[in-house]
There are 2 protein chains.
Amino acid sequence: MSPVPMYEVIYGDLLSQIKSGALAPGDRLSSEPALASQYGVSRMTVRQALDQLESEHLLVRRRGSGTYVAEPSATYRRMNRLGSFGEEMGVSEVTTDTKFQGSVVPPDEVRGKLGLKPRQKAVRLLRVRLVSGTPAAVQESWLPYSLAPQLAREELIGGSLYGTLLERWGVKLKWAEQTISAVAATGEHAGWLGVEQGSPLISITRVAFVDDGTPIELAHSWTRPEFPLFARLET
Amino acid sequence: MSPVPMYEVIYGDLLSQIKSGALAPGDRLSSEPALASQYGVSRMTVRQALDQLESEHLLVRRRGSGTYVAEPSATYRRMNRLGSFGEEMGVSEVTTDTKFQGSVVPPDEVRGKLGLKPRQKAVRLLRVRLVSGTPAAVQESWLPYSLAPQLAREELIGGSLYGTLLERWGVKLKWAEQTISAVAATGEHAGWLGVEQGSPLISITRVAFVDDGTPIELAHSWTRPEFPLFARLET
DNA sequence: GAGTGGTCTAGACCACATG
DNA sequence: ATGTGGTCTAGACCACTCA
């Protein structure tokens, strides 16, 4: 049997059609029996692919009517999934001002969360992200040096850390745990972000993991309140 | 056929066994074929129930080994789901100081988000929530007066708004959309929460919906940073 | 009434984990 | 070697929507 299951093939095919716009929001898909015969599989297999797309809010099923491409929900894709900074902001005009990029021995708190041994080095990235030229957030990322040494000096592909990890080293982040709070801006952050010292910022601490549960990235971010987070909660 | 599908019956049965502790974290469930014969259904039907429990992180499946009750993940249940204040805080010692409870004509911003007509009244609840006696958050809730008039004067069942809506009026919230940011504490909020005026607070605006998409509650909350939010993000 | 998605069956072969 | 979950089949009947 092919190493990749049929329902994942179908999932990927439909996903790319949706992302490319070949299937636009509101469009009706072929019926389940029709898809089954198109892909040469049984209906249950098609349903496995559709179930997954529906759970990601990319499809809406209406009994007796059909299966439709969902209207993009600002709320869902913005925060219930792990994405790039631009994806989370829902904007594309993101530029980056890198304040520091290099390898250092991390403080104990970082070392613990990344599971590093004493004196083991880590890559530290300190960046200011700007949306349409306006400073929006300060991001500090720590990664094990052994994972990707070149990260300490090479430029990121397309300015995206996660994209670079995947394309350059095949490191695929699987999930992340976040803590969200609020803090008063320090003098340095205030200067970078163009706000008053002591003014409120959204503070996020994030640990990202790969498939087997190994922590790969510890990130702190400080975001101006004009760039809030969005989330959709299910019952 | 029974009005409720078999896989939901099985789902509910396993869920209650997990919640009651009859199935404890780490326990192995019967195998899928065994469950199928126990419930008198086919294996695919059992799998539908298990799929749902797995997607809620209540079960972990290990190929070749078995299906196990998951270790409760602090992170997941705390914020990716819509729950009571206590559930979200992950604590049980929550008390409430009600500052206002009554019906008023809401400001336009509230009226719009709840889809009310001009001059239509709304119930307003203003509460300070305390965790182990420490003020943690100010919560302001707005609901259509027509939905639950008694809410304007009667006490909440167990101090829970969502619980009261469900038990008293059968109103079941289905999902909510949140915006999370940071603000400086106003004088009034600072006083209630025991913090300095101008100090940073987590600010959340939430609109909760019932099944058919009707907005039922608009809530604002202001939370001390010592009580952060937790979230788990999937890829 | 024809077509859709929702549920369900009774099998099958496979990759994998464990003793 | 045995048993587990992962994938898949080729049907079936149902409730529902829509023309």
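All of these numbers come straight from a predicted model, not from anything done at the bench. Each chain gets a letter, A, B and so on, in the order its sequence line appears, and its residues count up from 1.
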- Counting distance only, does the side-chain N/O of A/Gln17 pair as donor-acceptor with the main-chain N or O of A/Leu14 below 3.5 Å? no
- Message: Using OP1 and OP2 only, check whether a side-chain N or O of B/Ser42 sits under 4.0 Å from C/dT9.
- Response: yes
- Roughly, in whole Å, what's the span from CD in B/Glu32 to P in D/dT2? 21 Å
- Note on the structure: Separation of C/dG5 atom P from A/Leu59 atom CG, nearest Å, is 11 Å
- Answer yes or no for B/Arg61 and B/Tyr68: cation-pi contact, defined as NZ/CZ to six-membered ring centre under 6.0 Å and angle to ring axis within 45°. no
- Query: Atom CD1 of A/Ile10 and atom P of D/dT7: how far apart are they, to the nearest Å?
  - Reply: 13 Å
- Base, sugar-phosphate, or nothing for B/Arg47, non-hydrogen atoms under 4.0 angstrom? base
- Item | Min side-chain heavy-atom separation B/Gln178-A/Leu233 under 4.5 Å | yes
- Task: Using heavy atoms to find the nearest nucleotide of DNA chain C for A/Arg62 and A/Met44 separately, return the residue whose nucleotide is more 5′.
- Result: A/Arg62
- Task: Would you tell me if any nitrogen or oxygen in the side chain of B/Ser65 comes within less than 4.0 Å of OP1 or OP2 on C/dC16?
- Result: no
- Item | B/Tyr7 side chain near C/dC8 phosphate (N/O to OP1/OP2, under 4.0 Å) | no
- Does the side chain of B/Glu32 come within less than 4.5 Å of B/Arg47's, by heavy atoms? yes
- Message: On DNA chain D, compare the nucleotides closest to A/Gly64 and B/Arg28; which residue's is nearer the 5' end?
- Response: B/Arg28
- Please state how far atom CD in A/Gln48 lies from atom P in D/dT7, giving the value in whole angstrom units. 6 Å
- Message: Need one value for B/Arg43: base, sugar-phosphate or nothing, where a base atom within 4.0 Å counts as base even if backbone is also close, heavy atoms only.
- Response: base
- OP1 or OP2 of D/dT4 less than 4.0 angstrom from a side-chain nitrogen or oxygen of B/Ser31, does that happen here? yes
- Mind calculating the distance between CZ (A/Arg63) and P (D/dC16) to the nearest angstrom? 6 Å
- Integer-rounded Å distance: D/dG5 C1' and B/Arg61 CZ: 7 Å
- Task: Applying side-chain contact (heavy atoms from CB on, under 4.5 Å) between A/Leu161 and each of A/Leu151, A/Leu173, A/Thr96, report the one that passes.
- Result: A/Leu151
- Between atom CG in B/Asp51 and atom C1' in D/dT7, what is the gap in whole Å? 12 Å
- Item | Spacing between B/Tyr11 atom OH and C/dC8 atom C1', to the nearest angstrom | 20 Å
